[in-house]
Asker: 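Next up is a structure, given as structure tokens.
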Amino acid sequence: MIRIWDRVGPEQMPKVAAELLPEASRKGKILLFKGDLGAGKTTLIREICRLLGVGNEVQSPSYAIVNEYSDRHGDPVYHMDLYRLKNETEAFDIGVEQYLSSGYFCMVEWPDSFSDLFGNEYPVIVLEHQNDTRKITLTYE
Ligand code: ADP
Ligand code: MG
């Protein structure tokens with residue numbers, strides 16, 4: 001299935017998150033976010049996390065690689081940015097597979113180089129620049 005949101009401005013990100021989350025998480029809690037630097041991946045994840053009951057602390061995990069938040073039930077929500085990881089060995093060392101198999105929400109920025117880890121089984125959200133707005137495409141089986 002493909003779902004597209006066209007010409008999404010900053011103020012529409014909460015609405016897109018609210019439409020996207022139930023659809024993308026129907027079969028699981030692992031969501032992959034692709035798009036250039038500045039495309040809005042972290043912004044969209046922040047809005048999705050807000051829907052899960054996470055507070056305002058959602059920031060880019062570029063340096064920590066993994067941020068852990070708590071949802072409204074006190075369950076963990078994992079937010080990963082794999083941009084700086086060189087290979088699957090580094091991903092393994094950081095425990096990415098454990099996060100993925102935890103059963104909790106995992107929002108993953110930059111999954112692109114880790115096809116062995118993710119295969120084709122998880123919903124992918126692609127964000128693209130459209131001048132001062134964004135095009136957001138959700139693809140899932
Ligand atoms: P990424 O995580 O993909 O690198 P960020 O979420 O950090 O991108 O966002 C980069 C910039 O784009 C931020 O300044 C943010 O405010 C802006 N931005 C996010 N979403 C939108 C949008 N829908 N339209 C315009 N600008 C946006
Ligand atoms: Mg980011």
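Position 1 is the first residue of the sequence, and the numbers go up from there. Start at 1 and go down the list; that is how both ligands and their atoms are numbered.
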Asker: For Thr43, counting its heavy atoms only, list the atoms of ligand 1 lying under 4.0 Å from any of them.
Answerer: 5 (P), 6 (O), 9 (O), 15 (C), 19 (C), 20 (N)

Asker: Tell me, which protein residue and heavy-atom name are nearest atom 23 (N) of ligand 1, and how many Å apart are they?
Answerer: Val8 O, 3.0 Å

Asker: For the side chain of Arg72 and the backbone of Leu51, is there at least one donor-acceptor N/O pair under 3.5 Å apart?
Answerer: yes

Asker: Please work out, at 4.0 Å between heavy atoms, whether the side chain, the backbone, both, or neither of Asp132 comes within that distance of ligand 1.
Answerer: backbone

Asker: So, Glu109 side chain and Phe33 main chain: donor-acceptor pair closer than 3.5 Å or not?
Answerer: no

Asker: Are Leu100 and Leu31 joined in one hydrophobic group, where the rule is that I, L, V, M, F, W and Y side chains link up if heavy atoms are under 4.5 Å apart?
Answerer: no

Asker: Strictly less than 4.0 Å: does any protein heavy-atom distance to atom 13 (C) of ligand 1 fall in that range?
Answerer: no

Asker: Asp36 near ligand 1, heavy-atom distance under 4.0 Å?
Answerer: yes

Asker: Between Glu23 and Arg3, does any NZ, NE, NH1 or NH2 come within less than 4.0 Å of an OD or OE carboxylate oxygen?
Answerer: yes

Asker: Can you confirm whether something in the protein, heavy atoms only, sits under 4.0 Å from atom 2 (O) of ligand 1?
Answerer: yes

Asker: Kindly work out whether a path of hydrophobic side-chain contacts (I/L/V/M/F/W/Y, heavy atoms less than 4.5 Å apart) joins Met80 to Val58.
Answerer: no

Asker: Using a 3.5 Å distance criterion without hydrogens, assess whether the side chain of Arg50 forms a donor-acceptor pair with backbone atoms of Asn56.
Answerer: no

Asker: With heavy-atom distances below 4.0 Å as the criterion, list the atoms of ligand 1 near Gly40.
Answerer: 1 (P), 3 (O), 5 (P), 6 (O), 8 (O), 9 (O), 19 (C)

Asker: Which single N/O/S atom of Glu109 lies at minimum distance from the Mg ion (ligand 2)?
Answerer: OE1

Asker: Using only atom types and a distance under 3.5 Å, with no angle test, would you say the side chain of Arg134 pairs donor to acceptor with the backbone of Ala39?
Answerer: yes

Asker: Taking heavy atoms and a distance under 4.0 Å, where does Arg46 meet ligand 1: side chain, backbone, both or neither?
Answerer: neither

Asker: Taking 4.0 Å as the limit for heavy-atom contacts, which would you say applies to Glu109 with ligand 1: side chain only, backbone only, both, or neither?
Answerer: side chain

Asker: Mark up the atoms of ligand 1 that fall under 4.0 Å of a heavy atom belonging to Met13, in ascending order.
Answerer: 20 (N), 23 (N)

Asker: Given side-chain contact (heavy atoms from CB on, under 4.5 Å), test Val96 with Glu90 step by step and report yes or no.
Answerer: CA-CA 9 Å; Val96 171; Glu90 279 192 14; over 6 Å; no

Asker: Taking the non-hydrogen atoms of Ser60, is any one of them nearer than 4.0 angstrom to ligand 1?
Answerer: no

Asker: Work out which heavy atom in Lys41 is nearest to a heavy atom in Asp36; give both atom names and the distance.
Answerer: NZ-O, 3.0 Å

Asker: Do you reckon Val54 sits in the same ILVMFWY cluster as Ile45, going by side-chain contacts under 4.5 Å, direct or chained?
Answerer: yes

Asker: Using a 4.0 Å cutoff against the non-hydrogen atoms of Leu37, which atoms of ligand 1 qualify?
Answerer: 4 (O)

Asker: At what distance is the nearest protein heavy atom to atom 11 (C) of ligand 1, and which residue and atom is it?
Answerer: Gly38 O, 3.9 Å

Asker: Specify the protein heavy atom at minimum distance from atom 7 (O) of ligand 1: its residue, its atom name, and the distance to 0.1 Å.
Answerer: Thr42 CB, 4.0 Å

Asker: Between Lys29 and Met107, is there a donor-acceptor pair closer than 3.5 Å when you use the side chain of the first and the backbone of the second?
Answerer: no

Asker: Quick one: does any side-chain atom of Asn131 pair with a main-chain N or O of Thr133 as donor and acceptor, under 3.5 Å?
Answerer: no

Asker: Using a strict 4.0 Å cut-off to heavy atoms of Lys41, name the atoms of ligand 1 that fall inside it.
Answerer: 1 (P), 2 (O), 3 (O), 4 (O), 6 (O), 8 (O)

Asker: Yes or no: does Gly35 have any heavy atom under 4.0 Å from an atom of ligand 1?
Answerer: no

Asker: Note the single closest protein heavy atom to atom 18 (N) of ligand 1, along with its residue, its atom name and the distance in Å.
Answerer: Arg134 NH2, 3.8 Å

Asker: Decide, counting backbone as well as side-chain atoms, whether Tyr83 has an N, O or S atom less than 2.8 Å from the Mg ion (ligand 2).
Answerer: no

